Amino acid sequence: MSRIEAHSSEDTGTTGDLVDLLLGGLPAEAVLTDSDVTASYANDMASFCPAGTPAVVVLPRTAEQVQHVMRTATALRVPVVPQGARTGLSGAANASDGCIVLSLTKMDRILEINPVDRIAVVEPGVINAALSRAVGEHGLYYPPDPSSWEMCTIGGNIGTASGGLCCVKYGVTAEYVLGLDVVLADGRLMSTGRRTAKGVAGYDLTRLFVGSEGSLGIVVRAVLGLRPKPPEQLVLAAEFSSAAAACDAVCRVMEGGHVPSLLELMDRTTVKAVNDLAQMGLPESTEALLLAAFDTTAPAADLAAVGALCEAAGATQVVPADDAAESELLLQARRLSLTALEAVKGVTMIDDVCVPRSRLAEMLEGVDRIAEKYRLTIGVVAHAGDGNTHPTVCFDAADPDESRRAHESFDEIMALGLELGGTITGEHGVGVLKKEWLAREIGPVGLEMQRAVKQAFDPLGILNPGKLF
């Protein structure tokens with residue numbers, strides 16, 4: 001059977017048969033069949049991504065229970081959609097008709113924190129912020145910090161290769177995943193990677209699973225690298241009369257050899273949306289607001305140097321925070337950006353285009369042109385230090401014409417990113433939302449090889465079908 005021939009439970013027997021087999025290895029409370037309940041597991045937070053109706057939702061607590069689910073799914077040829085907290089923005093966790101939704105949120109134990117080896121061993125349902133706080137008690141630091149860090153799970157972060165605000169200095173999730181325990185499509189358990197600081201034995205299958213969106217196997221345990229906890233960071237806010245000037249400042253900071261722990265940009269639309277939502281008093285007269293942070297031993301000196309570069313690039317005002325509390329207030333405004341933009345019209349399509357830092361100004365200018373062309377509100381918030389932009393299209397889903405324009409503008413933004421030498425996704429993943437664009441980015445040979453990898457790990461095509469390609 002080819003990978004595209006997986007059946008739903010309706011094709012291979014009744015849902016009752018599926019449930020009975022699942023109950024053979026799972027407690028009753030871990031198997032949900034009430035249609036009102038299972039419907040709540042149908043999709044993640046991405047707008048306008050199709051989602052099916054699951055046959056059943058299972059909530060295992062052990063790797064052995066996950067193995068039982070996969071053996072059952074293989075025997076019946078039923079698709080399985082793995083899920084974490086469903087905070088994703090690409091539809092990667094959306095259910096397919098007749099599938100088993102495999103929610104890993106109950107596997108939420110931190111199994112080990114080792115300060116000598118600087119690792120943590122966790123289950124996939126651990127919340128990112130909970131891990132960060134736990135390792136912080138040992139003087140350690142887990143850097144990846146998506147904006148949804150208070151809700152999102154480590155398993156979901158691994159599945160989508162999440163980034164975050166601190167990537168400019170510390171890198172993304174993939175750089176901290178040292179080893180994995182993975183349940184394969186047929187129920188076998190495989191360990192990848194290592195606990196050691198170094199190791200190059202064989203193909204790097206650990207990296208292969210990071211960002212695979214649950215399409216190759218189910219992560220049930222992860223060995224994560226940690227760093228010593230840095231000092232409290234201080235934040236600087238710089239106002240600019242144009243987005244181009246703010247992007248010029250970003251280039252000056254990076255060219256000057258500075259290593260900020262955070263370098264974020266909010267355009268005028270985003271600043272206004274945050275103020276409207278939370279009355280935070282951000283300067284609405286600005287065309288772009290740049291936030292820079294340092295967690296060094298002398299952050300004030302680093303901020304002063306960056307502040308001078310911002311002024312040289314044309315900043316109209318540069319305001320360094322006096323303390324950690326003031327810094328956190330500025331960061332809170334940044335973390336509210338996507339929620340605030342959603343409140344503008346009620347629905348958003350969030351792009352995730354990453355471009356070379358040297359092309360960032362062109363990206364923002366292009367988004368402005370696209371917003372004007374399609375008569376839409378499009379706010380941009382960006383991890384400016386690594387070129388990862390989030391153009392966010394705000395629209396009324398009840399208006400068919402506005403919805404059409406939103407979709408067209410979203411596609412045009414992705415095309416612009418590729419024209420500028422970028423990628424369609426810096427951290428949110430492909431999922432359903434961008435799978436038509438994956439082929440455009442990686443080309444036919446790349447797509448053929450990715451399909452071959454999928455076929456090797458999942459020959460029946462039961463793991464998260466319809467995602468990526």
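The residues of the chain are indexed from 1 along the displayed sequence. These numbers come from a predicted model, not from an experiment. All values below were derived from every heavy atom in this structure, side-chain atoms included, with hydrogens, water molecules and symmetry-related copies excluded.
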Kindly say whether Arg195 contributes a backbone atom to a donor-acceptor pair with the side chain of Asp117 at under 3.5 angstrom? no

Could you please spell out the steps behind the side-chain contact (heavy atoms from CB on, under 4.5 Å) verdict for Leu131 and Val122? CA-CA 9 Å; Leu131 174 63; Val122 305; 3.9 Å; yes

Please say whether the positively charged group of Arg86, taken as NZ for Lys or CZ for Arg, lies over the ring of Tyr41, i.e. under 6.0 angstrom from the six-membered ring centre and within 45 degrees of the axis. yes

Spatial distance of atom CE (Met266) from atom CG (Leu282) [nearest 0.5 Å]: 5.5 Å

Ring center gap for Phe395 and Phe48 short of 6.0 angstrom: yes

Does any N or O in the side chain of Asn128 come within less than 3.5 Å of the main-chain N or O of Pro144, such that one atom is a donor and the other an acceptor? yes

What's the shortest heavy-atom distance between Val432 and Gly91, and which atoms? CG2-O, 3.5 Å

Quick one: list whatever passes side chain to side chain donor-acceptor pair (under 3.5 Å) with Glu287, sequence neighbours left out. Arg268

Please name the pair of heavy atoms, one in Gly88 and one in Asp44, separated by the smallest distance, quoted to 0.1 Å. O-CG, 3.4 Å

Look up atom OG1 in Thr206 and atom CG in Leu180, then write down how far apart they are to the nearest 0.5 Å. 5.0 Å

Correct closest heavy-atom pair for Val274 and Ser337 would be CG2-CA, 3.9 Å

How many angstroms lie between atom CD of Glu427 and atom OG of Ser162, to the nearest 0.5 angstrom? 7.0 Å

Keeping Glu213 on the side-chain end and Gly431 on the backbone end, is there a donor-acceptor pair under 3.5 Å? yes

Just do the salt bridge (charged side-chain N to carboxylate O under 4.0 Å, His left out) check on Glu137 and Arg133 with the steps written out, would you? CA-CA 7 Å; Glu137 294 177 3; Arg133 295 184 181 111; over 6 Å; no

Got a donor-acceptor contact below 3.5 angstrom from the Thr286 side chain to the Glu239 backbone? no

One should read off an interatomic distance between Leu331 CG and Glu326 CD, to the nearest 0.5 angstrom, of 11.5 Å

Counting only heavy atoms from other residues, nucleotides and ligands, does the tally under 6.0 Å from CD of Glu372 exceed 12? no

Consider only side-chain N and O atoms of Thr348 and Glu342, and report whether a donor and an acceptor are under 3.5 Å apart. no

Residues Arg227 and Tyr176: side-chain donor-acceptor under 3.5 angstrom: yes

Answer yes if the side chains of Glu402 and Tyr374 hold a donor-acceptor pair under 3.5 Å, and no otherwise. no

Between Ala246 and Leu290, the two heavy atoms sitting closest are O-CD2, 4.2 Å

Around atom CD of Glu150, are there more than 12 heavy atoms of other residues, nucleotides or ligands at under 6.0 Å? yes

Ile413 side, atom CD1; Leu418 side, atom CG - distance, nearest 0.5 Å: 12.5 Å

A quick test of your reading: do over 12 heavy atoms of other residues, nucleotides or ligands sit less than 6.0 Å from NZ of Lys169? yes

The side chain to side chain donor-acceptor pair (under 3.5 Å) partners of Glu123 (sequence neighbours excluded) come to Arg109

Tell me if a side-chain donor or acceptor on Asn464 pairs with a main-chain N or O of Val81 at a distance below 3.5 Å. no

Testing the basics here: between Gly366 and Leu416, what is the closest heavy-atom pair and its distance to 0.1 Å? CA-CD2, 3.7 Å

Please report the C-alpha distance between Trp149 and Asn157 in whole Å, then the side-chain angles of each, then the deciding distance to 0.1 Å, and finally whether the side-chain hydrogen bond (donor to acceptor under 3.5 Å, both in side chains) criterion is met. CA-CA 9 Å; Trp149 77 309; Asn157 295 167; over 6 Å; no

Is there a side-chain contact between Lys467 and Ser215, using heavy atoms and a 4.5 Å cut-off? no

Can you name the one residue among Leu433, Ile350, Asn388 that meets side-chain contact (heavy atoms from CB on, under 4.5 Å) with His428? Ile350

Determine whether Phe457 and Phe209 satisfy the following criterion, ring pair (Phe, Tyr, Trp, His ring centres under 6.0 Å), listing intermediate values before the conclusion. CA-CA 11 Å; Phe457 279 92; Phe209 281 101; 5.4 Å; yes

In terms of heavy-atom contacts, does CE of Met190 have more than 12 from other residues, nucleotides or ligands at under 6.0 Å? yes

Hey, does the side chain of Thr269 reach the backbone of Gly379 with a donor-acceptor pair shorter than 3.5 angstrom? no

Do the side chain of Thr153 and the main chain of Gly156 share a donor and acceptor less than 3.5 angstrom apart? yes

Walk me through whether Arg359 and Glu362 qualify under salt bridge (charged side-chain N to carboxylate O under 4.0 Å, His left out). CA-CA 5 Å; Arg359 311 297 297 273; Glu362 295 171 78; 2.5 Å; yes

Should we count CD of Gln332 as having more than 12 external heavy atoms under 6.0 Å? yes

Do Asp352 and Thr425 pass the side-chain hydrogen bond (donor to acceptor under 3.5 Å, both in side chains) test, and can you show the C-alpha distance, the side-chain angles, and the key distance before you say yes or no? CA-CA 5 Å; Asp352 178 36; Thr425 177; 2.5 Å; yes

Work out which heavy atom in Ala293 is nearest to a heavy atom in Gln233; give both atom names and the distance. CB-OE1, 3.5 Å

Taking Arg357 for the side chain and Met254 for the main chain, is one N or O donor matched with an acceptor at less than 3.5 Å? no

Residues Thr296 and Asp302: side-chain donor-acceptor under 3.5 angstrom: yes

Using only heavy-atom distances, determine whether the side chains of Asn275 and Glu284 contain a donor-acceptor pair under 3.5 Å. yes

Tested for side-chain contact (heavy atoms from CB on, under 4.5 Å) against Leu236, the lone hit among Leu303, Leu263, Val319, Leu291 is Leu303

Show your working on salt bridge (charged side-chain N to carboxylate O under 4.0 Å, His left out) between Glu328 and Arg335 and close with a plain yes or no. CA-CA 10 Å; Glu328 183 55 36; Arg335 291 193 179 104; 3.2 Å; yes

In terms of side-chain heavy atoms, does Glu441 have a donor or acceptor partner in Thr423 at a distance below 3.5 Å? yes

Given Leu89, which partner from the list Met45, Met349, His390 fulfils the side-chain contact (heavy atoms from CB on, under 4.5 Å) test? Met45

Quick check against the 3.5 Å criterion: does Thr389 have a side-chain atom that pairs as donor or acceptor with the backbone of Val353? yes

Just by modelled atom types, is the Gly346 backbone N or O under 3.5 Å from a matching donor or acceptor in the Asp396 side chain? no

List the steps and the verdict of salt bridge (charged side-chain N to carboxylate O under 4.0 Å, His left out) for Lys434 and Asp351. CA-CA 10 Å; Lys434 299 185 177 182; Asp351 232 318; 3.5 Å; yes

Classify the ring geometry between His258 and Phe294 as parallel (under 30°), tilted (30 to 60°) or perpendicular (over 60°). perpendicular

Candidate pair Tyr141 and Asp295, rule side-chain hydrogen bond (donor to acceptor under 3.5 Å, both in side chains), full reasoning: CA-CA 12 Å; Tyr141 178 47; Asp295 58 4; 5.2 Å; no

Crowding at NZ, Lys229 (>12 non-hydrogen neighbours, <6.0 Å): no

